[in-house]
Participant: 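The structure follows.
In the text below, chain A, chain B and the rest are named by the order of the sequence lines, each starting its count at 1.
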Amino acid sequence: MLAALRSRALLHHSSSSSFSNLQQWKLGFLGLERTRSSSSIESNKATELLNLQEIEQILSDVKADDIRVIPVRQHCDFMVIATGRSTWHVKNIAQALIYKAKQKQKGAQRISLPSVEGQEGGKWVVIDSGTVIVHALDEKARAYYNLESLWTTETSPKEPSSQVK
Amino acid sequence: MTNTVTLNHLGRSVFGGLGNISSGSLRTSLDSTWNNFLSQQQQRTFIQMRTVLKVVDNSGAKKVMCIQALKGKKGARLGDTIVASVKEAHPNGKVKKGEVVYGVVVRAAMQRGRCDGSEVKFDDNAVVLLDKQGQPRGTRVFGPVPHELRKKKHLKILTLAEHIA
């Protein structure tokens, strides 16, 4: 009970500071795991495809720049945003994540891969592995779409519509 | 007698799960019991050629007219891609009037069944503009968008949305 409270407090603290480093996120994630395992069995099955720690490791292996992990309570649990230096680099990040998912499920009868969008374009690739969604963008796209400002405000932003020039 | 039978069917589908998610009204079955001939709700249908849709991102367009529904013989539904022509646009936007654009239907007046048996329908027909590669033209999406976009591989629109129904 105390552990659950402590982990929830940790998660709250780490979610209030928007741009947190990896270490804090590992603590937050561990806390979340503990609370999650106590709640339901289905959510554990949903993290099968790719774990947050594995994703962090792959992104640092592939040398993706500027990795941000954002907790989202709506349709997924975590959102990871990474930048690639060129379109080829962005595509490579996606390939690496899929390769890791395939490796993880080696020997299983049915392999379920994370769904990838935007692979041909190379400007913005989204990898959806259930609870974690990874966005790999290139520099221009990242500046254009500005995803952090959307998802790091806690409530849905209700700004007046601004035209895109 | 036949009127009440259709009423119950409609009532069940409206409150089955999520019912009417709209910006304004929630139709109740009590209203429809008053006048029988007024109680039969309008049967909404697909989005086809000449359908005018609202644009709900900040790409610069305001209204587009569908030219072609890319999948489906009868027309496009919630989550499908269409080819459209811009009929009305903001004066200084990225998209100009008369331009041929691709778009994804994010709100449709026609109900769409969900896998748990409920149906979802909105009050208007709305579209988000994309380019040929599937990248969104605008940077923010306004109004509610349904989960169906996740399954249809339009996660980018979901991440740009302000509210997910």
Participant: When you check the gap from the basic side-chain N to the acidic O, do B:Arg77 and B:Glu148 get nearer than 4.0 Å?
Facilitator: no

Participant: List the atom of B:Ala69, the atom of B:Ile47, and the distance in Å for their closest heavy-atom pair.
Facilitator: CB-O, 4.0 Å

Participant: Run the side chain to side chain contact (heavy atoms under 4.5 Å, CB included) check on B:Thr159 and A:Leu150 step by step: do they pass?
Facilitator: CA-CA 9 Å; B:Thr159 58; A:Leu150 244 189; over 6 Å; no

Participant: Is it true that a side-chain atom of B:Arg140 and a backbone atom of A:Tyr145 form a donor plus acceptor pair closer than 3.5 Å?
Facilitator: yes

Participant: Could you name each residue pair satisfying side-chain hydrogen bond (donor to acceptor under 3.5 Å, both in side chains) that touches residues 65-74 of chain B, not counting sequence neighbours?
Facilitator: none

Participant: With the threshold set at 4.0 Å, does a side-chain nitrogen-carboxylate oxygen contact exist between B:Lys153 and A:Asp128?
Facilitator: no

Participant: Report, by ascending residue number, the residues of residues 115-125 of chain A in heavy-atom contact with chain B at a distance under 4.5 Å; give 'none' if the set is empty.
Facilitator: A:Ser115, A:Val116, A:Glu117, A:Gly118, A:Glu120, A:Gly121, A:Lys123, A:Trp124

